[in-house]
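Below: one structure, written as structure tokens.
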Amino acid sequence: SFMGVWHFKGALACEGLQRLQTRNLRILPVGRMAYTLMLDDAGFVFNDATVWRHDIDEFRLFTGRPSDASYIQSKCSTWGFAPFSELEHHTILAVQGPASAQVMQRLLGHRWSEDGAPLKFFHFRASLFAGHTLWVGRLGYTGELGYELIVPRAAGLTLWQSLLDAGSELGLVECGFEAADRLRIEAGYVLFSQELSAPASAAELGLQRLVDQVDIDFVGRAAHRRLCANPERRLVGLRFTQLPGALTSASDIAHVTSQTSGSLGGAGALALGWVHRDRIPGDVVYTPQGHRAQVQRLPFYQPARHRPRQKVHGAGP
């Protein structure tokens, strides 16, 4: 798996992880996840991540790149503890799409909802698969209903094949990162190698909601406040177009960070990119290569994000 995962456990787990990222973990219930940011000392977004709370003093931190290990370990060592890297010990798979809950039901049978309630959005729980603990979290990178599955690496291939068998009548297919990348662009999600390849603040990325405004002394906090006070640009959706227009000032320039041909209706390729803070949806902007694009609100797909939160098996999201 390309993702990185670190296990925080013990008396200093909450305190240390609290300083490493921007969400208030003191109020995160056991069995819940939080989407969060890690900042660098200058206040820029180092990476986005999810935190899973397993117990009062036990957490797992997931990021999209294993190379975050050096940053995480160096920061934590200055605070007097070391999280355990599980990069070599686990396989992480994603099952996404409208039929994903049915696939999971077929995979796990009665164990899928043995407590009588379906898994809610941004909740997780443990199950048993092939004699191993299987952690299932309801979230994803596609803007759809979906789940992420974590098992010991020894069970990874068995789980993969079992998912294919469980989904054979439901249209389940294997896909790689290229498919996920297209879907995450449509869903308006950032990628560390694209939107975070150069310094960007939470405000520019439209992710200030992930920085809890409480008394948390996280890395880069003071610098973050200065950066977000008056951002000059913002990340938006772009749909390439032939609409007429004229380049009149530097504020009309757009810098594309990610692009896809898109699977959504309508003409023109889709992209994420930086525009001047004054650009609004409907404005026509220009790339440095001379291509015209119309500013769009994010996400392109499911603006209300109701599909990831939809009811499953008759229960609330």
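Note that the coordinates shown come from a computational prediction; the quantities given were computed from them, not determined experimentally.
By the 4.5 Å heavy-atom criterion applied to side chains, L183 and Y189 are not counted as neighbours. No side-chain heavy atom of L270 sits under 4.5 Å from any side-chain heavy atom of Y301. Residues V190 and Q194 form no side-chain contact, since every pair of their non-hydrogen atoms from C-beta on lies 4.5 Å or further apart. Using a 4.5 Å heavy-atom cutoff, the side chains of V275 and L238 are in contact. Contact of the L205 side chain with the Q208 side chain is not registered, since no non-hydrogen atoms from C-beta on lie closer than 4.5 Å. The side-chain heavy atoms of I185 and Q259, taken from C-beta on, include no pair separated by under 4.5 Å. Two residues are said to be in side-chain contact when any heavy atoms from C-beta on lie closer than 4.5 Å; E169 and R106 meet this criterion. Between F129 and T158 there is a side-chain heavy-atom pair separated by less than 4.5 Å.
Scanning all heavy atoms of the two residues, the minimum distance from T63 to A49 falls at CG2-CB, 3.9 Å. Residue F122 comes nearest to R32 through the heavy atom pair O-NE, 3.5 Å, listed as atom of the first residue, atom of the second, then distance. Closest approach of E195 and R184 over heavy atoms only: OE1-NH1, 2.9 Å. Shortest non-hydrogen contact noted between A254 and P288 is O-CD, 3.2 Å. In plain terms, the two heavy atoms of L145 and V312 that are nearest each other are CD1-CG2, 3.9 Å. Minimum heavy-atom separation, Y141 to Q96: N-OE1, 3.9 Å.
Within the cation-pi definition used here (under 6.0 Å to the ring centroid, within 45° of the axis), R182 does not qualify as a partner of F300.
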Begin with the C-alpha distance, continue with both residues' side-chain angles, and end with the deciding distance and a verdict on salt bridge (Lys or Arg N to Asp or Glu O under 4.0 Å) for D40 and K75.
-> CA-CA 10 Å; D40 61 21; K75 289 298 183 185; over 6 Å; no
Residues W135, H54; criterion ring pair (Phe, Tyr, Trp, His ring centres under 6.0 Å); working and verdict = CA-CA 10 Å; W135 291 100; H54 292 266; 4.4 Å; yes
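Counted within 6.0 Å of CD on E232, heavy atoms from surrounding residues, nucleotides or ligands total more than 12; the atom is thus considered enclosed. Heavy atoms of other residues, nucleotides or ligands lying less than 6.0 angstrom from CZ of R225 number 12 at most. Heavy atoms of other residues, nucleotides or ligands lying less than 6.0 angstrom from CZ of R277 number more than 12.
Ring geometry, F46 versus Y71: the interplanar angle falls under 30°, so the pair is classed parallel (tilted spans 30 to 60°). Using bins of under 30°, 30° to 60° and over 60° for the plane-to-plane angle, the ring pair W52/F62 lands in the tilted bin.
Under the 4.5 Å side-chain contact rule for hydrophobic residues, F84 and V151 do not share a cluster.
Exactly one of R153, R60, K9 qualifies for a salt bridge (Lys or Arg N to Asp or Glu O under 4.0 Å) with E86. That residue is R60.
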